[in-house]
Amino acid sequence: MVAPVRRPNPRLSNLEAPDNPGELRKQKKTVQIYDTTLRDGSQGEGISLTVPDKLKLAQRLDEFGAHYIEGGWPGSNPKDESFFAQCKGLDNAKLVAFGSTRYKGTTCEHDKNVQALMKADTPVVTLVGKAWDHQVSVVLEATLDENLAMISDTVAFFKRKGREVMLDAEHFYDGYKASPAYALSCLHAAVKAGVDVLVLCDTNGGTLPWEIDEITRVVVAEFPTVRIGIHCHNDMELAVSNTIAAVHAGATLVQGTINGFGERTGNANLMSIVPTLQLKMGHDCVGDRLQQLTDLSRYTDEITNQPHVPNRPYVGASSFAHKGGLHVAAVLKDENTYQHIDPVLVGNERRILVSELSGRRNILTKAEELGLHPADESKDGVEWNVRVKAVLEQVKELENKGYSFEGAEASLELMLRRTVHGYRPPFELLDFSVSTDNKRVVYGNVLNATPNNESVTQASVKLALLGPEDGGDQCPTKICFEIAEGNGPVDAVNGALQKCLLPVYAPLRSVSLVDYKVRILDNASGTAAITRVMVEFEESSNGKRWTTVYAHPNIIVASVNALMDGFEVAMWDQLPQCIING
Ligand SMILES: CC(=O)SCCNC(=O)CCNC(=O)[C@H](O)C(C)(C)COP(=O)(O)OP(=O)(O)OC[C@H]1O[C@@H](n2cnc3c(N)ncnc32)[C@H](O)[C@@H]1OP(=O)(O)O
Ligand SMILES: CC(C)C(=O)C(=O)O
């Protein structure tokens, strides 16, 4: 039987945020966070979590203050079953097992999926039930009444077993638009069977925020004593907005995933929803633990082996990165001029970038971050401001030639340090040369010959090792000439440089080249194009990383200079060992 329904009342539609704090406080409520990264999130392409990964993530979500953690679908695969067998001792969150309502034509006692859910032995069970008549006919190939019985039987079964039960009403919004009476009757069937939470799903992600608002209000009014939840997908990039709209309309539980991971274009991103609910709408979700947000997001990227997305709101590396000179100047006077919140609230930080779009203040801030202070630098009578201006001009000029300092702060640091009065580089490159011999070699006998190319690259470098300024006779400048072979030009030059430098700067042994990126800047010039080389280094003793940049029409010149700069950075804090007779 289909239950009677109330039609949506357009006058109920109201997307305006309360505009006075009193009203906001009145509406402030706890919104429960239901994380489904371990279940719906792992339906995202490219995401495959091991059981230990799932256990670690569940632990982190628990520490973060999620109210519910959906661990998986126990009837789906052995991995999820094993997760439920091992996941014990969450402090704050309730563990949830997910599965579908019983299959048609059977009973809960005989349904494999239902029995697997039982075996998972979790305090909470979430059931997906169809709420769109079209899907019932086409996908389940069941009658509308049979679907209602599948919902109510399964909810009642788990209620009898003492579980907290949620119904994820699949396709609810599309179902409501197609047939409001039937969609609501699915919810009524669950409520009559004792369901604890009705979760309205925008399964295909195709519903607009004002439709979510209007339909959610109808459900909230229809079931005033039942908790209403929301589950959105991001097919129109509206999953976060739609979730927020549902809460504004009365939902008190939100389902979503960390970083929005999920099938197709993903699920609603809890990393945007939680701070918005707390900081903009005054609801309570995880309290002060909101400061763990950025860490949680990046930890999850690591564990799922996904690249960090810098422009993710709130948690991205660029979320509070300021580049334009005017913005930087303003933010330094008052952060709120170009920031909508204090990044500390979500565990993130403000960053100042340096590029051709910078003004003086970008450079001044960087210099301060590096501990270079005007007071130290005026010994030669040149004003600090004059130096900064010179560096700014150099940045703009070099970016015009193909450099990019945003991703290579070490090169900027070098430029700043080199302007400091009395700065003495640890070495100077006097000469270098590289040659590659490529020989065609034929292996085997005449009948069965395998042609191959064998190449050997050799590099030589001539360096002046400068030593300390006051080294005098004890530690004079030394000329070093070394030759090395390598797999290619960069490897060979690197080898020769290290031969010269290691005897003088022993700690350089723990420095390695971890990334090497080449980009052709004016591809119209073909092989004569300017090449930008970025080299990333790592100091293994402390995990410190830095990147240098150089641009030149000759890829080898660009690479050697970026390498040399990287070594210079590594040698700043190290005292040279003098070699008198080396
Ligand atoms: C919107 C969502 O995200 S829902 C979650 C989707 N996630 C997943 O499907 C991941 C886990 N799934 C699985 O491991 C498998 O699909 C299983 C174990 C659940 C089912 O596997 P199988 O029994 O081999 O069935 P299969 O996946 O081929 O087909 C699904 C069956 O479930 C039925 N079904 C679908 N939804 C429901 C539902 N809400 N209630 C009851 N039965 C349902 C379908 O009608 C179909 O049965 P049919 O083949 O008799 O028509
Ligand atoms: C099963 C549910 C929660 C789902 O993913 C959806 O309907 O979008």
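Numbering of ligands and ligand atoms starts at 1, following listing order. Model, not experiment: these values are computed from the prediction.
The protein atom (non-hydrogen) at minimum distance from atom 7 (O) of ligand 2 is T203 OG1, 2.6 Å. In terms of protein heavy-atom proximity, atom 43 (C) of ligand 1 is nearest to L140 CD2, 3.3 Å. The protein atom (non-hydrogen) at minimum distance from atom 18 (C) of ligand 1 is G75 O, 3.6 Å. In terms of protein heavy atoms, atom 13 (C) of ligand 1 is closest to S76 OG, 3.7 Å. Nearest protein neighbour of atom 51 (O) of ligand 1, counting heavy atoms only, is V139 O, 3.9 Å. Atom 1 (C) of ligand 1 has as its closest protein heavy atom E170 OE2, 3.3 Å. With respect to atom 50 (O) of ligand 1, the closest heavy atom belonging to the protein is K104 NZ, 4.8 Å. From the protein, the heavy atom lying nearest to atom 3 (O) of ligand 1 is R39 NH1, 3.4 Å. Atom 3 (C) of ligand 2 has D168 OD2, 2.8 Å as its closest protein atom, hydrogens excluded (heavy atom only). Distance from atom 4 (C) of ligand 2 to its nearest protein heavy atom, with residue and atom name: H231 NE2, 3.3 Å. The nearest heavy-atom contact from the protein to atom 9 (O) of ligand 1 is W73 CZ3, 4.1 Å. Among protein heavy atoms, the minimum distance from atom 8 (O) of ligand 2 is reached at H233 NE2, 2.9 Å.
Annotation: Q43 places an N or O atom under 3.5 Å from an N or O atom of ligand 1; distance criterion only. Considering backbone and side-chain atoms alike, F98 places every N or O at 3.5 Å or more from each N or O of ligand 1. For Q255, no nitrogen or oxygen atom sits less than 3.5 Å from a nitrogen or oxygen atom of ligand 2, counting backbone and side chain alike. For ligand 1, none of its N or O atoms has an N or O atom of E141 under 3.5 Å away. Considering both main-chain and side-chain atoms, Y103 comes within under 3.5 Å of ligand 1 through a nitrogen or oxygen pair.
Under the 4.0 Å distance rule, the nearest protein heavy atom to atom 39 (N) of ligand 1 falls inside the cut-off. Under the 4.0 angstrom criterion, atom 16 (O) of ligand 1 counts as lacking any protein heavy-atom contact. Atom 7 (N) of ligand 1 is approached by the protein to below 4.0 angstrom, counting heavy atoms only. At a distance under 4.0 Å, no protein heavy atom can be found next to atom 29 (O) of ligand 1.
Between F172 and L198, every side-chain heavy-atom pair lies at or beyond the 4.5 Å cut-off. With contacts defined as side-chain heavy-atom distances shorter than 4.5 Å, the pair H67/K94 does not qualify. Using a 4.5 Å heavy-atom cutoff, the side chains of W546 and E539 are in contact. Side-chain contact check for Y34 versus L270: every heavy-atom pair is 4.5 Å or farther apart. A heavy-atom distance below 4.5 Å is found between the side chains of H248 and R217.
The shell of residues lying under 4.0 angstrom from ligand 1, judged by heavy atoms, excludes N77. For M166, the closest heavy-atom approach to ligand 2 does not fall below 4.0 Å.
A salt bridge links R312 with D301: at least one charged nitrogen is closer than 4.0 Å to a carboxylate oxygen. Salt-bridge check for R350 with D342: failed, with every basic side-chain N at 4.0 Å or more from each acidic carboxylate O.
Residue contacts with ligand 1, taken as heavy atom pairs separated by less than 4.0 Å, involve M150 solely via side-chain atoms from C-beta onward. Residue-level proximity to ligand 1 for D40 is carried by the side chain, the only part with a heavy atom below 4.0 angstrom. Residue contacts with ligand 2 for Q43 are absent, since no atom lies close enough (heavy atoms, distance under 4.0 Å).
Distance CZ/R532 to CG/L521: 5.0 Å, rounded to 0.5 Å. Put simply, CG on N92 and CD1 on I33 are 13.0 Å apart, with the number rounded to the nearest 0.5 Å.
Of all atoms in ligand 2, listed by their number and element, those nearer than 4.0 Å to a heavy atom of V128 are 1 (C). Within ligand 2, counting atoms from 1 as listed, the ones closer than 4.0 Å to a heavy atom of R39 are 3 (C), 5 (O). Near S100, meaning under 4.0 Å from one of its heavy atoms, ligand 1 places the atoms 38 (C), 39 (N), 40 (N), 41 (C). Atoms of ligand 2 lying under 4.0 Å from any heavy atom of F98, numbered from 1 in the order shown and given with element: 1 (C). Residue D40 has at least one heavy-atom neighbour below 4.0 Å for each of these atoms of ligand 2: 5 (O).
In the model, D168 has a side-chain atom that pairs as donor or acceptor with a side-chain atom of Q255 under 3.5 Å. No side-chain N or O of E211 forms a donor-acceptor pair with one of Y173 less than 3.5 Å apart. For the residue pair D145 and T143, no side-chain donor N or O sits within less than 3.5 Å of a side-chain acceptor on the partner.
The closest donor-acceptor contact from the side chain of N147 to the backbone of K130 lies under 3.5 Å.
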Item to check | Full working for side-chain contact (heavy atoms from CB on, under 4.5 Å) between H233 and H231 | outcome: CA-CA 7 Å; H233 283 265; H231 177 114; 3.0 Å; yes
Next on the checklist: Between R289 and E63, does the salt bridge (charged side-chain N to carboxylate O under 4.0 Å, His left out) criterion hold? Intermediate values first, please.
Outcome noted: CA-CA 8 Å; R289 299 178 200 200; E63 284 162 19; over 6 Å; no
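Figure legend: R39 and F98 shown as a cation-pi pair, the cationic atom lying under 6.0 angstrom from the six-membered ring centre and within 45 degrees of its axis.
Under the 30°/60° scheme for interplanar angles, the aromatic rings of F320 and H340 are found to lie parallel.
Screening V315, D295, L296, L279 against V346 for a side-chain contact (heavy atoms from CB on, under 4.5 Å) leaves a single residue, L279.
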